[in-house]
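Predicted model, so just to flag it, every value in this text is computed and none were measured. Residue numbers start from 1 in every chain, and the chains themselves are labelled A, B, ... in the order their sequence lines are given, proteins ahead of strands. These values consider heavy atoms only, across backbone and side chains, with no hydrogens, waters or symmetry-generated copies.
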Amino acid sequence: MCLRNLLRRRLRTSLCILGITLATIFIVTIGATTSRYTSVIREMNIFFSGDIVVVAQGSIVVQAFPISGGNLPEDTIDEMKEIEGVRTAVPMLVFFGYKLEGVIQPVPANISIGIPPESWAILVGSTPLKPDGRWPSANSSAKEVVVGPSLADQYNLAVSSTIRIQNNDLMVVGILDTPSAILTRAIIIPLRVAQHVYLPTHPSWINMIVVEPEDESMEKEVAENIETNIGGVEALTADERNEIIAPLLSDIEMWNLGIRGMLFFLSMILVTTVAVMNISERRRDFATLGAIGAPRSFIFRLVITETTLIGLFGGLLGILVGTVATLLLASLYTNIPLTLFFQSPFDIVSPVFMAEVLTSTVVVSCAAGLVPAVNAMRANISEVLRSEY
Amino acid sequence: MIVKAVELTRIYRLGSSHITAVDKVNLQVDEANLVSIIGPSGSGKTTLLHLIGLNDTPTSGKILFNGDDTSFLSESERRKTRLQRMGFIFQTFNLLPTLTALENVELPMALAKFSQKEQMGKTVNLLETVGLAERLQHRPKQLSAGEMQRVAIARALANNPSLILADEPTGELDSKAGCEIINLLSELCKNQNIAVVLATHDERMAEVSDVTYRICDGVITLE
């Protein structure tokens, strides 16, 4: 009955559903994209938690990695090892691939990480490689790399494939088996090779050092010691790295929530308007229902179900189109082919987020029907039946 | 006695003026009686019908339904009484436009929580009784005025009411269809032991009615 009532006013219902759909598309697209950004940023913090990240002073650090700033001479490591409380110090050279085919990308298409072969574990933990793969040999000058699965899929790389970076041919010896957003787009290279490839004129420079304190509780103290004893560096504890990024994450989330709230509010006004119009046109129907003895709760449920159905259809359609739009956007910003995103769309728009948006849309539509439903329920039967002849 | 109105008065307040639509009406409706309330437009017929049908509350006076004073019924009890013991027929039929004839008749039974099987069987019987066995799946806009009124009558009969209230049931019909509806209501009244109260300005109703009241300016007189 509710469906038929909606279909009876096909144009109005369709326009209302379209409105909800558009709002939901925006919510899904903006929400999923920003969630992806923030989750990638948060994921960065998983790396080197409990360790100190040392970078050149003035570098911009997003959680665990410097995204811009100066380099450090590699012999800083020797000074570092002398500092009290330092257990190990691992030099690294990290480059975000913002430039692709000569064009600057808004989102890095890949991340190259140069790390001494004996220290892979500090970066990848126990992440396995896909079958037939192996880690680059201990011979630190071997031009061998391990790549993330997304890069491998995109460029059809397999073990023994060759990739060309800055006019250097590097052989893929392993492909990571990981869902990690960072590692999936990573190129892990022996440090010496990375220095040769990315800094050919300064082959003994690095841009970050990961310091493991002897005792995790000494993290802050060790970081202070490093900054005191070595000039021109910043030693950031996990807490400090979080503090740097916290305002940005909080801003992103606030904007995301604000936009989402505004769109839900607009959707609610739209549904309420349409429901009020529908109800004012059907006053006689409701009065008739009352006259034949329909309980007020039946009339209330009827209106609420209609508005909820509008929300449900609009929400479902919006989530479907919004997911496609999000994948398109992600493909556009990262230059990763759309087909790769379609292989695992739930990595970009999570089912939990979809369920959350659908629930919100349905709840908002349901709430939007409350006032019209109460109006319909309270209609004075005799007055309406007399006046509507 | 099905219904008894005692000193029933309904006054509408429009700004500072008061309009007495029904003025100290006393009437009685007995089982299987066809009672006509005849009067011109604006005489208070519809208001009286809505008061009897518990769709409206009187300013003063009371309605006894099956001997019980309805003044103390809550809104939900009034709705329940209408659903289970009364049927309504309107001048403009008031069928729900999105439902078929079958569904319109099923609706009161569904509201009264009859089983799906009972609803279906009874609905088909009722529509056969009013001569619409071939029109079950038609929507109101696919029916003629006479057919729509027949569906409305079938709907009014759905929950085996003891009282049917009909407000100008022939008002929108041509004279042939009007006669058919009058005859149908008269037959139902006698065959199914249902009391029918008709508000009309159609003088032909006096001929088939058991009791005829005339109403003018809210004041009723027994003919």
Side-chain angles (χ1 to χ4, degrees), chain A residues 1-14 16 274-275 277-310 313 372-389, chain B residues 10 12 21 41-42 44-57 74-100 103-113 139 141 152 155-156 158-159 161 165 167-168 171-172:
Chain A
M1 187 170 174
C2 298
L3 269 178
R4 283 190 212 161
N5 285 334
L6 292 177
L7 289 173
R8 188 177 162 207
R9 292 160 187 85
R10 227 165 262 148
L11 181 65
R12 189 182 302 169
T13 304
S14 306
C16 189
V274 169
M277 284 165 71
N278 284 348
I279 272 119
S280 66
E281 278 177 13
R282 286 157 60 202
R283 276 161 49 91
R284 196 170 71 163
D285 290 356
F286 292 121
T288 304
L289 280 169
I292 65 172
R296 282 180 158 171
S297 58
F298 174 82
I299 296 169
F300 184 83
R301 282 201 311 269
L302 191 71
V303 177
I304 290 289
T305 309
E306 284 176 21
T307 56
T308 305
L309 279 175
I310 289 179
F313 292 140
V374 169
N375 284 348
M377 193 177 83
R378 285 189 178 160
N380 183 318
I381 298 168
S382 62
E383 210 172 89
V384 173
L385 289 176
R386 258 203 318 270
S387 63
E388 300 272 327
Y389 281 143
Chain B
R10 181 67 166 100
Y12 291 109
S41 190
K45 305 185 295 286
T46 301
T47 304
L48 179 57
L49 222 58
H50 282 304
L51 288 169
I52 296 171
L54 310 181
N55 281 330
D56 197 3
T57 43
S74 66
E75 176 56 29
S76 68
E77 287 168 330
R78 294 159 79 90
R79 283 176 186 252
K80 200 171 172 185
T81 306
R82 286 201 295 271
L83 179 65
Q84 295 176 342
R85 297 157 84 173
M86 295 182 190
F88 281 85
I89 300 167
F90 303 94
Q91 180 180 351
T92 47
F93 328 123
N94 289 20
L95 299 176
L96 296 186
T98 52
L99 303 184
T100 62
E103 290 162 339
N104 262 292
V105 179
E106 270 179 350
L107 186 61
M109 287 185 260
L111 291 170
K113 303 201 178 349
R139 297 262 170 90
K141 66 178 177 187
R155 180 179 67 184
N159 287 339
L165 299 161
D167 189 7
E168 298 275 14
E172 296 282 309

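- With rounding to the nearest 0.5 Å, the separation of CG in Asp285(A) from CG in Leu95(B) is 10.0 Å.
- For the pair Asn94(B) and Leu385(A), the minimum side-chain heavy-atom distance is below 4.5 Å.
- Proximity of Arg82(B) to Ile381(A): side-chain heavy atoms (C-beta onward) are separated by under 4.5 Å at one or more points.
- Under the 4.5 Å side-chain criterion, counting only non-hydrogen atoms from C-beta, Leu289(A) is in contact with Leu107(B).
- Only the side chain of Leu111(B) comes within contact range of chain A, judged by heavy atoms closer than 4.5 Å.
- When heavy atoms are compared at a cutoff of 4.5 Å, Thr81(B) does not approach chain A at all.
- Shortest non-hydrogen contact noted between Ile292(A) and Pro108(B) is CD1-CG, 4.2 Å.
- Across all non-hydrogen atoms, the minimal contact from Ala291(A) to Phe90(B) is CB-CZ, 3.8 Å.
- Options Ser76(B), Ala158(B), Pro97(B) differ in how many heavy-atom pairs under 4.5 Å they form with chain A, and the most are formed by Pro97(B).
- For chain A, no part of Gln84(B) is nearby; none of its heavy atoms comes within less than 4.5 Å.
- Contact of Arg139(B) with chain A is made through the side chain alone, with heavy-atom distances under 4.5 Å.
- Your options are Leu54(B), Leu51(B), Asp56(B), and the one with the most heavy-atom pairs under 4.5 Å with chain A is Asp56(B).
- Side chains of Thr288(A) and Arg155(B) form a contact here, defined as non-hydrogen atoms less than 4.5 Å apart.
- Ranked by heavy-atom pairs under 4.5 Å with chain A, the first of Lys80(B), Met86(B), Arg78(B), Glu103(B) is Glu103(B).
- Met377(A) and Arg79(B) make their closest contact through O-NH2, 4.0 Å (heavy atoms, listed as atom of the first residue, atom of the second, distance).
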